[in-house]
Structure formats: structure tokens, C-alpha cells
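Model, not experiment: these values are computed from the prediction.
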Amino acid sequence: ESAADTNRIVRNMNRVAAYLGLPEENLHIDVTYTMLVVNLSDESHSYSKFQKCEKHGINMTAISEISKLSWRAIEEDYSLDRYEEELEKIKNKKRNYTPYLVAIGAGFACGGFCKLFGSDWVAFLFASIAAFAGFRVRARCIEFGINLYMSITIAALVSTCLAYITTFTGLSGTPYHPLLACALFIVPGVPIINFVDDMIDNYIQVGIVRAVNTVLMVCAMAFGIVMAMRLLAMEDVVIDKKFSELSMVPHDPYYIYAIAAAISAMGFSMIFNIQRRLLWVVAVGGILAVCTRNFVNFELGLGPVIGSFMGAMVVSLVAVKAVHWFHVPNHVLTIPSVIPMIPGVLMYRALVALINMHGVVGEVTVAVSNGINASLIILCIALGVAVPNIFARRYIAKDRQRFLKEELQKRRESGMFDIKGAVSIAEAALFRLCLFPYAAETGCCERTGAFTATIRLAASSLLLSPFRAVWRCVPDGCRPAE
């Protein structure tokens, strides 16, 4: 529910199960996009839990805190009560930024995009204002219970309409650039990178669903933009000419692009609820990604696809080491850093070419060419982020697994896994599950030589989080928690 990739969900759940003393060979976890299934079984007993995932947001701070908590619980021999207390703090923790501050960040993120596309600073301000309004409209639509994709469409419509209105002010020398950037706060950067991660990690089903969700979000955004264009701008042939002739070659000094990339990366960090202390780190990552892309693309002449891939890969490689400096998951640093490389110019060229066809030979070729190039760049950005992280994770996993085994052995020697009166692994597992932290209800039958139970557990704010019991189970039966 906080946009963790599937591999991270499974790793965290296995780590928490190890903390609780649940045998890994008896634990079975299956993750889908809307359902989490956990089964604990031995030769005599089997306990299963199906938990529906009700919503899908992005909360990088929660993902980071859950991961660190699972390690601390093992290293510091947390009692179950203490673990429950710490998990409750994560659940109730307020977001790092207020809704209007996030909207301001989203606005400046799109303003940064506008500057990266070659606008002046007045157009930067216009794009920021239009994006701020669209972001708040989307938030209000979701609060009113409007469908997510319809909310995206409405937000894109409002942002584009406002950006078009600013073209009549005459204050900017690049009046049409805000149209390119005003709705890019909707770009589903996290879902598409998670999709690539899941496919490479062989979580095919979840990866496909994430990909479909990404496509639907992009289509909803495009539909809103098309509606605005049809309502306001399609009779203005200058727009089509401006978009098709807009140069993609940098004509500002590198430091200008560095400033714009830093602003955009920090803006998306606020949308993703990244810790304040990491904003400057993400800003440096954005500068590194954009400057690397421009150098490979224009100085070496290898093109935007290879340039974007190299920019994302450089950031991901640096993040492999940086995660140990700042103690956060890799995606917390990499995803907002690479989003400023999104090819907004190509996306809008393809969109305008599609909605402005008149049966002239070559129109389809232009639209398809721009669309394919934009798709390849986005895919290469996702691959550049995912591939180094996956290989590094597999290299580091051996050391972490060895460390985990050592810590668990210390806990066994200290008697942390002993459960007096338990007559089987299943009884011990049920006993642990009844004490599994996070908002839950557990009903247990009276003991008749072995535990039988019906367990109903409510999910935490994170799909990868454990649960808290409202009932406490002991070898002689169950009673409500005090």
C-alpha cells in the first residue's frame, strides 16, 4: 500500500517471521497487486490468512521505517509489546509535508521540467502555478471518492487549461512550454520502476498488473490533455508548430539544467513523502542523472535513449553505496532522482500528432516515432534504476543472510524462541501469530490437545507490515488483550 516492490515486501515479511521464530521452511507467502496470502503449515497443521490491499499510495518514509524496524527488532531483542509499540508509531506518524506543501513541491517539480525543456523563468512560474492547481484538484477529487483515473483526467484537464491561459499574458518568451510540463506530476514513475523490478525478480503477475495500472494512468492523463486541447487550443495551429519545432538540444549552461533538475527531484521527493534530511541527497542525484544524460546524449552523440539509461544507471550505482550512508532503501534515493529525465517533449509531440491528424502522408509515422522514442527512454530509465540495484542486492544478500543467521542464533541461545507448553510447530506458530503486532482480531477455539483457530487479521498501513492482536493466546486458551 506504500508502493514497495514485491521483492522488498517478501524480504521484510520473512525477516519479521524470523524475528518471531517462525520456521522459514514452513512459511509460504504469495503477493498479488490486491491481495496478500500468508500460510504457515507443518505436517499436521495449516494456518492461512488472506488480506486485501485496499489502496495504493506512495510513502517512502514508511517503507524505510518498516525495513529498519525489522532489523532493529532482531538486533536488539525487541519484546512483542515493544515491537507493537514501534509499529504503531509508524502507522500513526504524520506525513513529512502538509498537503499544500506537497502541492507546492509538485508545482515546482513541473516548473523544473519546464526549465529542462528550455523555457524561461517566467514560464517556469506559470507551469508551477498550473501544476499546483491540478495537483490540488486531483487530491480533492480523490477525497470526494471519485475514481482514481477520472481524478487524473480532471487534474490534467485543469492544469492544461490554466497553462494555455497563461500563453495570452505575453510575459514569457517561451509561452507554450508550460503546456509541456504542467501535468507531469501525474507521471507514474514509481509504478513503472516497480513493474520492471518485479518482472526481473520473476514476480510476473504483479509486474504485469503494475504495468497495466501505469498505462491506465498515462492514458487518463493523455485523455485530460486531449480534452483541454480540443476545448481550447486545437484551432491554434501555432501550438502544433511550436511543439514540432521545439529544439531538444540544450541551449542553457549546464548549471541552469542542474538547478532545474534539483528543483524537480526535490519536488517529487515531497510527493513521495521522503524524509526532509534526504532532500539535498535527491537533489544531487537529480543533477547527476540529468548532467550525465546530457553529456552522453549531446557530447558523446549516443542519443537520448542511451543517455537516459546511463544517467539512471549512474544514479543507481551511486545509490548502492549511498544507502549505507543514509540507511534507506535504494528506491528512496533513485526514483525521484531520475524522474527529471522523463521525455516530456517527445510525449507531447506524439500526443499532438495523434489528435491533430488530417490524413496527410507521414502523420502516423511522426506520431509513432515520437511515441516509440518516448517509451524507449522511459523503459531505459526504469532499467537503469532497477538492474544495478538487483545485482547489488543479490551480492549483498549473502552478507545480510549471514548476519541474520548470527543474530537469530544469539536469540535462540538467549531463549527468545522458547514457548513453554507448545506441543508442535503449529502451536508455536499460532501462539506467535496471535501476538503478531498490528491492528487485528483473533478468535481461538479451546485447546483440545492441539490448537485450532480462526484468525482474522487487519492489514497495517503497509502491505508488508505485520499485525497487532486484539486477543492474546496462551497454551491453555485465549483471552482479550489488556
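Between the side chain of T153 and the backbone N or O of A220, at least one donor-acceptor pair lies under 3.5 Å. Listed for the T214 side chain is a donor-acceptor partner under 3.5 Å among the backbone atoms of R210. Put simply, the side chain of S308 never gets that close to the backbone of V305: no donor and acceptor are under 3.5 Å apart. Checking side-chain atoms of N12 against main-chain N and O of R8 turns up a donor-acceptor pair under 3.5 Å. A donor-acceptor pair under 3.5 Å is absent between the side-chain atoms of S264 and the main chain of G112, judged by distance alone. At distances below 3.5 Å, at least one donor-acceptor pair connects side-chain atoms of T166 with backbone N or O atoms of A163. Under a 3.5 Å cut-off, the side chain of N92 and the backbone N or O of E88 do form a donor-acceptor pair. At least one donor-acceptor pair closer than 3.5 Å links the side chain of T61 to the backbone N or O of N273. One N or O on the side chain of S119 and one on the backbone of C114 form a donor-acceptor pair closer than 3.5 Å. Proximity of a side-chain donor or acceptor of H56 to a complementary backbone N or O of Y33 within less than 3.5 Å is detected.
Side-chain contact, T6 with D201: no donor N or O sits under 3.5 Å from an acceptor N or O. Judged purely by distance below 3.5 Å, without hydrogens or angles, the side chains of D5 and N194 never pair a donor atom with an acceptor atom.
The salt bridge (charged side-chain N to carboxylate O under 4.0 Å, His left out) check on K93 picks up nothing, with sequence neighbours excluded. Under the rule for a salt bridge (charged side-chain N to carboxylate O under 4.0 Å, His left out), the partners of E65 that lie at least two apart in sequence or sit in another chain are K68.
Side-chain contact between F135 and V102 is present, with at least one heavy-atom pair separated by less than 4.5 Å. A heavy-atom distance below 4.5 Å is found between the side chains of F309 and L383.
Aromatic pair H177/F124: ring centres not closer than 6.0 Å.
Within the structure, salt bridge (charged side-chain N to carboxylate O under 4.0 Å, His left out) contacts touching residues 131-157 (residues at least two apart or in different chains) are R140-E143.
Counting non-hydrogen atoms of other residues, nucleotides and ligands closer than 6.0 Å to CZ of F326 gives a total above 12.
Aromatic ring pairs are classed by plane angle as parallel below 30°, tilted from 30° to 60° and perpendicular above 60°; the pair F268 and F272 is tilted.
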